[in-house]
Amino acid sequence: MIVVVKAAEIAAKTKEIVEPWKGKHGGLIPILQEIQHEFGYLPEEALVTVSKELKIPKADIYGVATFYAQFHLKPRGRHVIRVCRGTACHVRGSLKIMEKIKQILNVNENDTTEDLRFTLEPVACLGACGLAPVLMVDDDTHGRLTPDKVQSILDKYE
Amino acid sequence: MSMYRAHVLVCKGTGCTASGSPSVFSAFKEELAKRKLDNEVMLVETGCHGMCEMGPIVVIYPEGAFYCRVTAEDVPEIVEEHLYKGRIVERLLYTIPTDMTKVPHYKDIPFYSKQHRIVLKNCGYINPDHIEEYIARDGYQALAKALTQMSPEEVLEEVKRSGLRGRGGAGFPTGLKWEFARKAAGDKKYIICNADEGDPGAFMDRSVLEGDPHAVIEGMLLGAYAIGADEGYIYCRAEYPLAIKRLKNAISQAEEYGLLGNNIMDTDFSFHLHVKEGAGAFVCGEETALMASIEGKRGMPRPRPPFPAQAGLWGKPTNINNVETWANVPQIILNGADWYSSIGTETSKGTKVFALTGKVKNTGLIEVPMGITIREIVFELGGGILGDKEFKAVQIGGPSGGCLTKEHLDLPVDYESLTGAGAIMGSGGLVVMDEDTCMVDVAKFFLEFTQRESCGKCVPCREGTKQMLLLLEKITNGEGTMEDLNTLEELAHMVKRMSLCGLGQTAPNPVLTTLKYFRHEYEAHIKDKKCPAKVCTALITYNIDSEKCRKCGLCAKNCPVDCISGDRQTPYKIDQERCIKCGTCLEVCPFNAVYKD
């Protein structure tokens, strides 16, 4: 997911993403979503470009980018682990799962490992309560977890 | 078109997919081809059956055999026995937990027999990616009826008469809401489907969107016709990638069939529908915040009036309903208001979908008529408490709802009785708790959630929830005083009364209901410095029963802080000073010698 890209390339790609939205309303969030999909996070150059192209103040864009949990201003790991901390998972022991991952990866919640392999995030609910406790790595859901299953799941992702 | 003698339905909902249904599906495909049965037996991917706990689920018709926890390795046996020889594979059937009998037929499983499926009628039966399958089950019939035989006013009147109320939480009468938007002045009007289902422990909207997306689209078409809107949005949270994919596919199919777009069914009625992905903010489930988010702004609520019906999206009259509300509408138009209002109670008509989770035997999605009791839900559909432990409470309505106790087991589930007891219908999360659940911890858990999701615009919610959380942390750490309990209660009432939007107004509910019904647990934390359910780590100790200890040393080997001492001769002991109460010793002990106190 993470590729180091030059500022000029970021600006060029961002212009491409913004283009179809010019003159239309309500485009800011979809644009930011696409930028993040492209680069894995929201690089500063991209946000500056959006501001210039759409004539939206940088402060407004920053406001939106920091309001929503989905957006990230720092590069993220190749794989994102989302540990469900919803009610059903909580009563079935999701905190233990979270602690185990932190211990294995030596990383805190909402942080990325130094080798950029994993980003660890708690998430309110993944909606798979029937399989509680649950975690997601990228788009794969793993359910009915116990702390001793964690290592073998993480091993699948390089 | 070929004729098939049997249908194999493999659930591809999020739950079953996580349990491995894709490999089951491909195993069936391979096995059927190998046996040259692929032109006699049709293999179908369906949406959610609701019983995610038992997934991956495979249902085979015409028998209606319901196979649970199927793996790819089971598939050759199912094909050989069931599809080839006509003998049902008993070992994979659902087992009733109370008497261990096997249930061959879908309909006879208690989890399903008590349900009344209107919204979930197609979930698990049809392939949600094929519009033809929806049409074959009377799909878009209601739209045809409305456009050709009914005026917009008549559609509105029918919904009003049906008694349908908003399923998103507050229970506002849907027909009345539509009427406000219809009567509002303006040439351009919008309708929105709120699919920003963010309550922890709730997944009914996701299952409807994944299992029957066309029902939502048809409901919105009917609403647009009644209100006079020509454009609509479905605001779906980004955490539901499969729902978004199926919705987008359903929209493009409906467009292809001329059911969305200009001059629908050759009438003057035109309607365009878009999907907007949320970006991860719980407060966006509040209608004014949701509209701000569609407009590309920070999703923060604003004071009402003006109500969305007067000035909503981009200042135009707008009507917002949630997924389940929209999915009810086609059935109301098709079968009539009288039919719909015959189901349910005096003030709450129809059915409600609940996500039944927590410490029950059968977890999953259920649709029950309004007025059913909590006892029926927990003990009949849910099959009772996991491990036959003691029922303690049920939490209804997510972070905005409340905890109800044993005394409320015979309470009929409808809007008024739940509100009367201090809970709310909410979106329909229903989490069952047993004796091992600490109610103070539960209240803290929900408050952590609402406090994190508070958008920060109004002071009572932003500061009030923070202070309440600090007090709860103090109590669960064993440092609370009785005075704190009064402050907590006072703050809770203040936040409830003075917050700007529904998030803050309902955030204190979990605290208030647990204070009301489980005050003794709070007091135990404060006065006795004990957590009765043995959950709050600061108030428990781990100990080793020297009678039961077989001196294997597993606990000491696994202890992350090396605080357990002992050897083959001396019994193992935990140094309480250094113990971090992680619970690893209890988990690894093969002889149950480690206990919490």
Side-chain angles (χ1 to χ4, degrees), chain A residues 21 24-34 36 54 56 60-72 82 84-96 99-100 103 121-132 134-136 138-144 146-148, chain B residues 14-15 17-19 50-55 197-203 206-207 238-241 276-282 284 293-300 314 355 357-359 363-365 395 398-399 429 431 433 436-437 441-442 445-446 448-449 452-453 455 560 582-584 587:
Chain A
W21 286 97
K24 288 186 196 164
H25 52 195
L28 185 54
I29 291 171
I31 288 171
L32 296 183
Q33 281 169 332
E34 215 176 320
Q36 182 154 296
L54 289 181
I56 301 175
D60 284 4
I61 295 177
Y62 184 78
V64 169
T66 52
F67 183 82
Y68 295 100
Q70 194 189 42
F71 297 128
H72 305 279
R82 290 190 287 179
C84 181
R85 295 287 288 121
T87 325
C89 288
H90 179 73
V91 298
R92 289 201 181 184
S94 64
L95 191 60
K96 292 235 165 82
E99 294 300 328
K100 186 80 187 177
Q103 186 198 326
E121 285 178 355
V123 51
C125 182
L126 291 169
C129 315
L131 306 175
V134 188
L135 67 78
M136 262 179 107
D138 303 334
D139 287 336
D140 309 331
T141 313
H142 303 273
R144 301 192 188 105
T146 52
D148 57 328
Chain B
T14 297
T17 301
S19 304
M51 215 178 190
C52 312
E53 170 89 358
M54 288 292 151
E197 180 178 60
D199 279 19
F203 55 101
R206 194 205 70 210
S207 294
E239 287 88 342
Y240 288 175
K276 276 270 177 186
E277 283 181 41
F282 176 71
C284 287
S293 180
I294 293 182
E295 291 173 4
K297 299 182 201 145
R298 287 164 76 97
M300 298 209 278
W314 287 297
T357 56
K359 310 255 180 106
T363 59
L365 213 61
Q395 210 282 347
V431 185
M433 293 158 185
D436 294 337
T437 317
D441 179 65
V442 166
F445 168 79
F446 280 115
E448 262 170 18
F449 176 80
R452 195 172 52 234
E453 294 293 343
C455 77
C582 67
T584 306
E587 269 159 41

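Each chain gets a letter, A, B and so on, in the order the sequences are listed, and its residues count up from 1.
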Is the shortest heavy-atom distance from the side chain of A:Lys96 to the side chain of B:Glu587 under 4.5 Å? yes

Between the CZ atom in B:Arg298 and the OG1 atom in A:Thr66, the distance rounded to the nearest 0.5 Å is 5.0 Å

Interatomic distance, CZ@B:Phe445 vs CZ@A:Arg85, rounded to 0.5 Å, equals 6.5 Å

Can you confirm whether A:Arg92 sits close enough to B:Thr357 that some side-chain heavy atom of one is under 4.5 Å from a side-chain heavy atom of the other? no

In chain order, what residues pass the side-chain contact (heavy atoms from CB on, under 4.5 Å) check against B:Ser293, with sequence neighbours excluded? A:Ile29, A:Tyr68, B:Tyr235, B:Cys284

Region of B:Phe446 that comes under 4.5 Å of a non-hydrogen atom in chain A: side chain

Among B:Ser19, B:Ala279, B:Cys455, which has the most heavy-atom pairs under 4.5 Å with chain A? B:Ala279

Selection from B:Met51, B:Lys297, B:Glu239 maximising heavy-atom pairs under 4.5 Å formed with chain A: B:Lys297

Where on B:Asp436 is there a heavy atom nearer than 4.5 Å to chain A: the side chain, the backbone, both, or neither? neither

To the nearest 0.5 Å, what is the distance between CD on B:Glu277 and CD on A:Gln70? 7.0 Å

With only heavy atoms counted, which part of A:His90 is less than 4.5 Å from chain B, the side chain, the backbone, both or neither? side chain

Partner residues of A:Gln103 under the side-chain contact (heavy atoms from CB on, under 4.5 Å) criterion, sequence neighbours left out: A:Lys100

